[in-house]
Amino acid sequence: MAKKADSVTCAPAEPAELQSATHDFLKALSNPTRQRIMLLFARGAELSVNEVAEQAAIGQSTASQQLDLLRRGGIVTSRREGKAVLYRADKAGAAAALSDLQAYLQNCC
């Protein structure tokens, strides 16, 4: 006679939901061009829109749009230096989104 397997279900006390900033983070990372741009910021590099466009082999307006999405996603931060806007990786923003995502996944999966 075969034993019946016990099924254990664990429901979280509160349903976990991702913060809107985490949604923006995931959207920002979902595009291969933006992923390629992020690699340009390795080792703390700080780049202008023109430098990103040149190094990523994309147009300046495309680079600007992609950097804006990455900024809204908390993946890059920007600062103005004279007329130029310089971008760099936002480690704190990415860490916060990853922490939120990890908490979500622990509660739902």
Side-chain angles (χ1 to χ4, degrees):
M1 185 174 205
K3 282 189 175 182
K4 190 174 172 183
D6 291 333
S7 65
V8 177
T9 59
C10 266
E14 299 175 24
E17 291 188 24
L18 290 174
Q19 297 177 17
S20 64
T22 305
H23 284 278
D24 292 341
F25 173 84
L26 292 171
K27 180 180 178 181
L29 282 179
S30 69
N31 179 282
T33 300
R34 291 190 291 271
Q35 292 168 17
R36 202 168 67 243
I37 289 170
M38 282 310 303
L39 294 175
L40 300 176
F41 295 106
R43 298 186 193 116
E46 192 172 54
L47 303 168
S48 69
V49 173
N50 290 333
E51 292 169 320
V52 168
E54 182 181 314
Q55 292 181 33
I58 57 178
Q60 181 184 357
S61 66
T62 300
S64 182
Q65 292 169 353
Q66 300 303 323
L67 286 165
D68 186 52
L69 285 167
L70 289 167
R71 189 183 48 73
R72 283 190 274 157
I75 299 170
V76 299
T77 188
S78 63
R79 70 178 181 87
R80 184 167 292 281
E81 187 174 285
K83 292 183 180 183
V85 177
L86 299 174
Y87 294 85
R88 70 176 186 276
D90 183 353
K91 291 182 182 184
L98 289 172
S99 178
D100 184 44
L101 181 60
Q102 183 177 25
Y104 172 80
L105 292 173
Q106 287 176 340
N107 282 316
C108 78
C109 304

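This one's a predicted model, so the numbers in the text were calculated from it and none came from an experiment.
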task: Give the C-alpha distance, both sets of side-chain angles, the deciding distance and a yes or no for side chain to side chain contact (heavy atoms under 4.5 Å, CB included) between I37 and I58.
output: CA-CA 10 Å; I37 289 170; I58 57 178; 3.9 Å; yes
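- Under the rule for a side-chain hydrogen bond (donor to acceptor under 3.5 Å, both in side chains), Q102 has no partner lying at least two apart in sequence or in another chain.
- Between the side chain of Q60 and the backbone N or O of N50 there is no donor-acceptor pair closer than 3.5 Å.
- Residues F41 and Y87 approach most closely at CE2-O, 3.1 Å, considering heavy atoms.
- Taking CG from L70 and CD from Q65, the interatomic distance works out to 12.0 Å, rounded to the nearest 0.5 Å.
- At distances below 3.5 Å, at least one donor-acceptor pair connects side-chain atoms of S30 with backbone N or O atoms of K27.
- Looking at R36, its side chain does come within 3.5 Å of a backbone N or O of A56 through a donor-acceptor pair.
- Hydrophobic clustering (ILVMFWY, side-chain heavy atoms < 4.5 Å, transitive): V76 and L86 are in distinct clusters.
- In this structure, CE on M38 lies 6.0 Å from CD1 on I75, to the nearest 0.5 angstrom.
- The number of heavy atoms from other shown groups lying within 6.0 Å of CD (E54) does not exceed 12.
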task: Run the numbers on L26 and L18 for side chain to side chain contact (heavy atoms under 4.5 Å, CB included), then give the verdict.
output: CA-CA 10 Å; L26 292 171; L18 290 174; 4.1 Å; yes
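- Under the side-chain hydrogen bond (donor to acceptor under 3.5 Å, both in side chains) criterion, D68 pairs with R71, R72, sequence neighbours left out.
- Here the closest heavy-atom approach between residue A28 and residue G73 is recorded as CB-CA, 4.3 Å.
- Side-chain heavy atoms closer than 4.5 Å link hydrophobic residues (I, L, V, M, F, W, Y) into clusters, and following such links, possibly through other members, connects V49 to L47.
- Residue pairs meeting the salt bridge (Lys or Arg N to Asp or Glu O under 4.0 Å) criterion with at least one member in residues 87-109, sequence neighbours excluded, are E46-R88.
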